Number of protein chains: 2
Amino acid sequence: MTAASSPLIVVVDDDAGIRDALASLFKSIGNRVVSFESAQHLLAAGVPDDANCMILDVRLPGTSGLDLQTTLNRLEIRIPVIFMTGYGDVPMTVRGMKAGAVDFLSKPFRDQEMLDAVSAAVALDRRRRDSDGRRDDVLKRYAALTPREKQVFDMVSAGSLNKNVAADLGLSEITVKIHRGRVMKKMGARSFADLVRMAEVIAPHSREAT
Amino acid sequence: MTAASSPLIVVVDDDAGIRDALASLFKSIGNRVVSFESAQHLLAAGVPDDANCMILDVRLPGTSGLDLQTTLNRLEIRIPVIFMTGYGDVPMTVRGMKAGAVDFLSKPFRDQEMLDAVSAAVALDRRRRDSDGRRDDVLKRYAALTPREKQVFDMVSAGSLNKNVAADLGLSEITVKIHRGRVMKKMGARSFADLVRMAEVIAPHSREAT
DNA sequence: GCTGGCCGCATACCTTGGTTTGTTATCGGC
DNA sequence: GCCGATAACAAACCAAGGTATGCGGCCAGC
């Protein structure tokens with residue numbers, strides 16, 4: 001495990017006063033903060049890949065907060081987003097929430113509201129990073145399998161017997177066993193049950209009738 | 001499979017004009033509709049258990065739409081909810097969306113907006129019913145296992161070998177095999193991989209270190 | 001007091017999974 | 001032309017999974 005450092009909060013607001021206020025608020029509880037005055041500045045600098053939460057003003061010069069969120073989603077940057085808005089309306093709130101925002105705060109808000117939202121967002125991010133990490137690891141191992149090994153992996157984890165795999169692929173059973181053994185080693189599976197769970201991560205729930 | 005009948009939409013609004021307008025709108029595309037004038041009326045009659053979508057006015061006499069949603073969640077009634085509101089504000093929208101609403105429409109809205117929201121909600125409901133049905137089936141079968149069978153199920157699906165299960169439970173290996181065989185039959189698992197997937201449904205992802 | 005469900009075990013047998021050692025062959029790239 | 005990766009297979013084992021038949025004990029409910 002890497003040493004978990006303090007949460008990193010990214011703030012994007014065109015008002016320097018708000019940026020400073022939020023920065024000192026978050027620093028006061030031991031978080032790290034980086035601020036940007038616009039979506040363009042953030043994207044030019046690049047989203048820090050250890051960010052745990054983003055606070056976006058809805059109204060920003062140039063690209064709006066909502067459009068920035070859309071861009072982040074398209075870039076598959078899944079940092080939890082909290083919106084701030086001066087005079088928000090319902091449709092923009094709905095759009096932001098549907099797109100996955102964890103909260104939507106109307107200015108002015110109390111410090112505690114913001115801190116609660118951030119702590120929920122950071123917790124969400126930790127969980128996501130955790131499960132993504134495991135998933136990526138499995139996918140990486142899977143990608144390192146040879147084509148034949150992938151075929152054997154897919155079939156045995158779907159429940160096929162070695163002999164059926166052999167028949168379907170036109171191989172002898174012993175060959176399947178050898179591939180299967182290598183799959184177990186390469187995937188780092190300590191039991192067949194383990195392997196099935198990995199298969200579930202790679203290709204979730206292939207449906208079957210009762 | 002049961003014959004899938006047309007989607008059932010539940011409307012709750014205190015304005016009879018709105019109720020009628022929505023009813024004829026939904027009926028025009030072949031859906032079934034039941035309407036209520038308040039949360040109390042709905043709860044007194046009971047939420048139809050084949051409902052696929054609920055349209056709630058936020059402002060209702062007595063219990064508000066948002067409180068009704070909270071009640072439904074507490075009752076574990078997971079029908080997708082769409083809110084309508086005359087003059088909505090951001091906090092109420094956030095609350096509704098966080099609590100799982102699929103959409104939030106500001107009156108007046110275009111018919112097409114409502115139809116789009118409903119069709120998304122109905123699709124969501126079908127998916128949910130589908131996966132819940134499978135899950136319930138597995139849980140029911142699991143509940144029908146004897147205590148010993150459950151223990152054996154848990155251990156083998158976690159990856160333990162029969163001999164280890166036997167040692168841990170103070171049994172002979174043959175006894176474990178017999179239990180295991182009965183578990184396979186009772187659970188309706190056609191392969192061990194099947195069984196592992198069922199275990200995943202019952203007790204999702206028990207974490208292990210690499 | 002008897003039945004039925006749950007639990008446990010043995011003997012016997014067969015199938016399936018898994019490993020090791022060694023051989024053969026193809027193919028792409030340096 | 002050779003190396004490394006991929007692929008396939010055989011012989012020989014050994015371990016683990018799975019089933020059937022049969023036995024006995026315990027306990028709750030009728």
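Below, all heavy atoms of this structure are taken into account, side chains as well, without hydrogens, waters or symmetry copies. The structure presented is a predicted model; accordingly, all values stated were derived computationally and were not measured. Chain letters run A, B, ... following the sequence lines, proteins first, then strands; residues in each count from 1.
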Are A:H179 and A:Q151 close enough, and set up right, to give a side-chain contact (heavy atoms from CB on, under 4.5 Å), and what steps lead you there?
CA-CA 9 Å; A:H179 284 309; A:Q151 285 182 308; over 6 Å; no

List the steps and the verdict of side-chain contact (heavy atoms from CB on, under 4.5 Å) for A:K27 and A:V33.
CA-CA 7 Å; A:K27 282 176 183 162; A:V33 184; 4.2 Å; yes

Determine, for nucleotides 17-26 of chain C in 5'-to-3' order, which nucleotides have protein heavy atoms under 4.0 Å from the base (write B), from only the sugar-phosphate (write S), or from neither (write -).
BBB-------

Taking N or O atoms only and anything under 3.5 Å, show me the protein contacts with nucleotides 4-6 of chain C, one pair per line.
none

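- We find the CG-CZ distance between B:D125 and B:R78 to be 12.0 Å, quoted to the nearest 0.5 Å.
- Distances shown here put every side-chain N or O of B:S172 at or beyond 4.0 Å from the OP1 or OP2 atom of C:dG8.
- Scanning DNA chain D 5' to 3' for nucleotides with an atom closer than 4.0 angstrom to a non-hydrogen atom of chain A gives a first and last hit of D:dT6 to D:dA12.
- Aromatic ring pairs are classed by plane angle as parallel below 30°, tilted from 30° to 60° and perpendicular above 60°; the pair B:F83 and B:F104 is tilted.
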Anything under 3.5 Å between a donor and an acceptor, one on a side chain of residues 163-177 of chain B, the other on a protein residue two or more places apart or in another chain? List them.
residue, atom, partner, partner atom, Å
B:S172, OG, B:T175, OG1, 3.1

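- Side chain of B:R180 to main chain of B:V152: no donor-acceptor pair is present (N/O by atom type, distance under 3.5 Å, no hydrogens or angles).
- Separation of atoms OG (B:S119) and CD1 (B:I29) is listed at 8.0 Å; rounding is to 0.5 Å.
- Without hydrogens or angle criteria, A:D194 side chain to A:R190 main chain gives a donor-acceptor distance under 3.5 Å.
- Remark: the A:N73 side chain and the A:Q69 side chain contain no N/O donor-acceptor pair separated by less than 3.5 Å.
- Distance alone, capped at 3.5 Å, places no donor-acceptor pair between the B:E200 side chain and the A:R197 backbone.
- If one axis is set at each end of the helix from C:dG1-D:dC30 to C:dC30-D:dG1 from five pairs, those axes are 40° apart, to 10°.
- A:D132 pairs by the salt bridge (Lys or Arg N to Asp or Glu O under 4.0 Å) definition with A:R128, not counting sequence neighbours.
- A donor-acceptor pair under 3.5 Å is formed between the side chain of A:R32 and the backbone N or O of A:S6.
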